[in-house]
2 protein chains.
Amino acid sequence: MTDKKQGKIRIQSQEKILLAAQDEFITNGYKGATVQSIADLAGLPKANVLYYFKNKENIYHAVLEQTLDMWDQGIGDIEYKDGPKIAIEKFVSSKVLMSFNHPKSSKIYAMEIIQGAQHLKEFTRTYLRKWVREKSKIFQQWIDEDRMLNVDPINLIFLIWSSTQHYADFDNQILTVMNRADYEEEDIEHVTQFLTQFILRGLEIK
Amino acid sequence: MTDKKQGKIRIQSQEKILLAAQDEFITNGYKGATVQSIADLAGLPKANVLYYFKNKENIYHAVLEQTLDMWDQGIGDIEYKDGPKIAIEKFVSSKVLMSFNHPKSSKIYAMEIIQGAQHLKEFTRTYLRKWVREKSKIFQQWIDEDRMLNVDPINLIFLIWSSTQHYADFDNQILTVMNRADYEEEDIEHVTQFLTQFILRGLEIK
DNA sequence: CACATTCCTGACCAATAGAACAATAAATGA
DNA sequence: TCATTTATTGTTCTATTGGTCAGGAATGTG
């Protein structure tokens with residue numbers, strides 16, 4: 001993750017830089033982002049940014065790492081012992097929460113995948129593939145036990161991912177369409193309820 | 001759309017350029033894309049590309065226009081007279097079809113929105129907002145007539161958009177997770193069935 | 001206090017960017 | 001046929017890019 005001994009100034013500056021970099025990479029993509037622009041957003045001279053991170057690629061890697069940490073840390077796990085109802089309620093609500101609370105991480109991730117997952121090939125091929133396989137198995141068990149309808153678990157996972165992340169990645173569109181300036185606190189609860197209920201019905205779980 | 005009288009050479013070259021540009025904009029974003037790279041992909045000298053499109057911005061606008069045309073042309077409309085079952089079957093299947101047949105358009109659009117909809121503010125504020133309002137009204141009618149469950153029509157639309165577009169925007173991730181090289185013809189039917197049935201159940205439409 | 005180490009930054013550089021331009025080559029049409 | 005428009009491209013210009021570097025400031029340590 002992070003390395004070496006860390007002074008407090010070092011950490012502060014690095015955090016400022018990473019926040020700035022996240023914004024810059026979202027709005028301009030990896031190639032379009034400029035170190036100068038990141039430096040400006042962070043309120044530091046460019047040379048200082050390059051002092052903390054050797055080069056642009058390094059900054060991006062740090063941002064991505066942050067993003068992946070968020071992913072598997074904030075994600076409510078799907079556990080067999082919970083049973084399908086509780087498991088889905090947990091999973092959907094934690095995904096929705098993450099979309100509303102950390103939309104930027106979601107966006108960085110989405111852009112990376114859309115653009116061909118150049119820097120995340122390894123992550124998807126190993127970690128993510130394994131995760132999907134494991135969770136699919138759990139869903140299949142519940143199906144075999146007649147605790148939920150027989151649907152393809154993989155497509156189910158995709159549906160949950162997409163419908164929840166949509167509120168982060170497409171927040172601009174959603175807010176514009178709804179003629180609103182920002183999300184409100186109650187939107188989180190509203191969306192969670194809507195998606196949870198909808199998905200439970202789709203699986204005929206009572 | 002396009003302007004002025006058109007020679008056939010002009011049209012051919014423009015199409016080559018737009019195809020190349022689409023790829024370049026997807027992998028590198030607007031700012032990261034270079035005219036040189038577009039020219040190389042199209043097999044033309046840079047100066048020739050700039051002869052057909054005055055500048056980079058113009059190329060991007062043409063690509064976006066193409067994308068929007070695709071959007072409202074390929075979209076199966078939601079019509080009251082169809083009733084909720086047929087309407088949703090039509091709409092979902094046309095959206096899925098578009099995701100599988102024109103993933104690049106979907107990606108261009110997705111990136112534009114994620115990055116802040118800089119070039120699409122007008123489209124979302126006018127066209128899209130109106131579309132959502134109209135279709136919401138139709139859903140609400142069906143709800144009032146007890147032909148489907150009482151869910152928030154707007155969130156329903158978002159769910160359909162997100163779950164269908166996911167197969168285009170995140171095709172890399174999906175294929176990697178499923179350990180496959182490409183989508184097959186039968187995937188389209190499979191996904192369409194899955195999503196249609198799932199959504200109909202979610203709305204308690206028989 | 002002296003020294004070493006870490007931190008910070010202005011100045012600089014080669015490479016690449018978008019775009020204008022000028023000079024041709026084709027095509028067209030009267 | 002020949003003049004006029006259209007198509008094509010090598011060259012050139014200026015701005016910006018990622019990244020280096022030398023040297024100074026700050027901080028710590030004995």
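Atoms considered below: every heavy atom in the structure, side chains included; atoms not considered: hydrogens, waters and symmetry mates. Labels below follow one simple rule: chain letters A, B, ... track the order of the sequence lines, proteins then strands, and each chain is numbered from 1. This structure is a prediction, so every number in the text was calculated from the model and none was measured.
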**Fill in**
Nucleotide by nucleotide, nucleotides 20-25 of chain D touches protein heavy atoms under 4.0 Å in the pattern (B base, S sugar-phosphate only, - none) B-----
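Rounded to whole Å, atom P of D/dT17 lies 13 Å from atom NZ of A/Lys31. Protein atom CD of A/Glu57 is 16 Å distant from nucleotide atom C1' of D/dT17, rounded to whole Å. Computed from coordinates, the A/Asn48 CG to C/dA11 P distance equals 16 Å when rounded to whole Å. D/dT11 atom P lies 14 Å from atom CD of B/Gln36, rounded to whole Å. The OH-P distance, from B/Tyr52 to D/dT6, rounds to 12 Å in whole Å. As a whole-Å value, the separation of B/Ile38 CD1 from C/dT16 C1' is 15 Å.
The salt bridge (charged side-chain N to carboxylate O under 4.0 Å, His left out) pairs that include a residue from residues 12-34 of chain B are B/Asp23-B/Lys104, where partners are two or more places apart or lie in different chains.
Scanning all heavy atoms of the two residues, the minimum distance from A/Leu149 to A/Ile143 falls at O-CG1, 3.5 Å.
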Extract all donor-acceptor atom pairs below 3.5 Å that involve side chains of residues 92-99 of chain A and protein atoms in other chains or at least two apart in sequence.
from	atom 1	to	atom 2	distance (Å)
A/Ser93	OG	A/Glu89	O	2.9
A/Ser93	OG	A/Lys90	O	3.1
A/Ser94	OG	A/Gly76	N	2.8
A/Ser94	OG	A/Lys90	O	3.2
A/Ser94	OG	A/Phe91	O	3.0
A/Ser99	OG	A/Thr164	O	2.9

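The aromatic rings of A/Tyr167 and A/Phe100 sit parallel to each other, their planes meeting at less than 30°, with 60° as the upper class boundary.
Relative to the side chain of B/Lys56, the nucleotides D/dA7, C/dG18, C/dT9 differ in distance, and C/dG18 lies closest. Ranking C/dT9, D/dG18, C/dG18 by closeness to the A/Tyr51 side chain, first place goes to C/dT9. Considering only the side chain of A/Pro45, C/dG10 comes nearest among D/dT9, C/dA17, C/dG10.
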**Message:** Show, in sequence, the C-alpha distance, side-chain angles and deciding distance for A/Val177 and B/Ile157, and conclude whether the side chain to side chain contact (heavy atoms under 4.5 Å, CB included) test is met.
**Reply:** CA-CA 11 Å; A/Val177 161; B/Ile157 290 171; over 6 Å; no
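Among the atoms of the strands shown, only primed sugar atoms or phosphate atoms (P, OP1, OP2) are found under 4.0 Å from some heavy atom of B/Ala33.
Residue A/Glu186 qualifies as enclosed at atom CD: its count of foreign heavy atoms under 6.0 Å is above 12.
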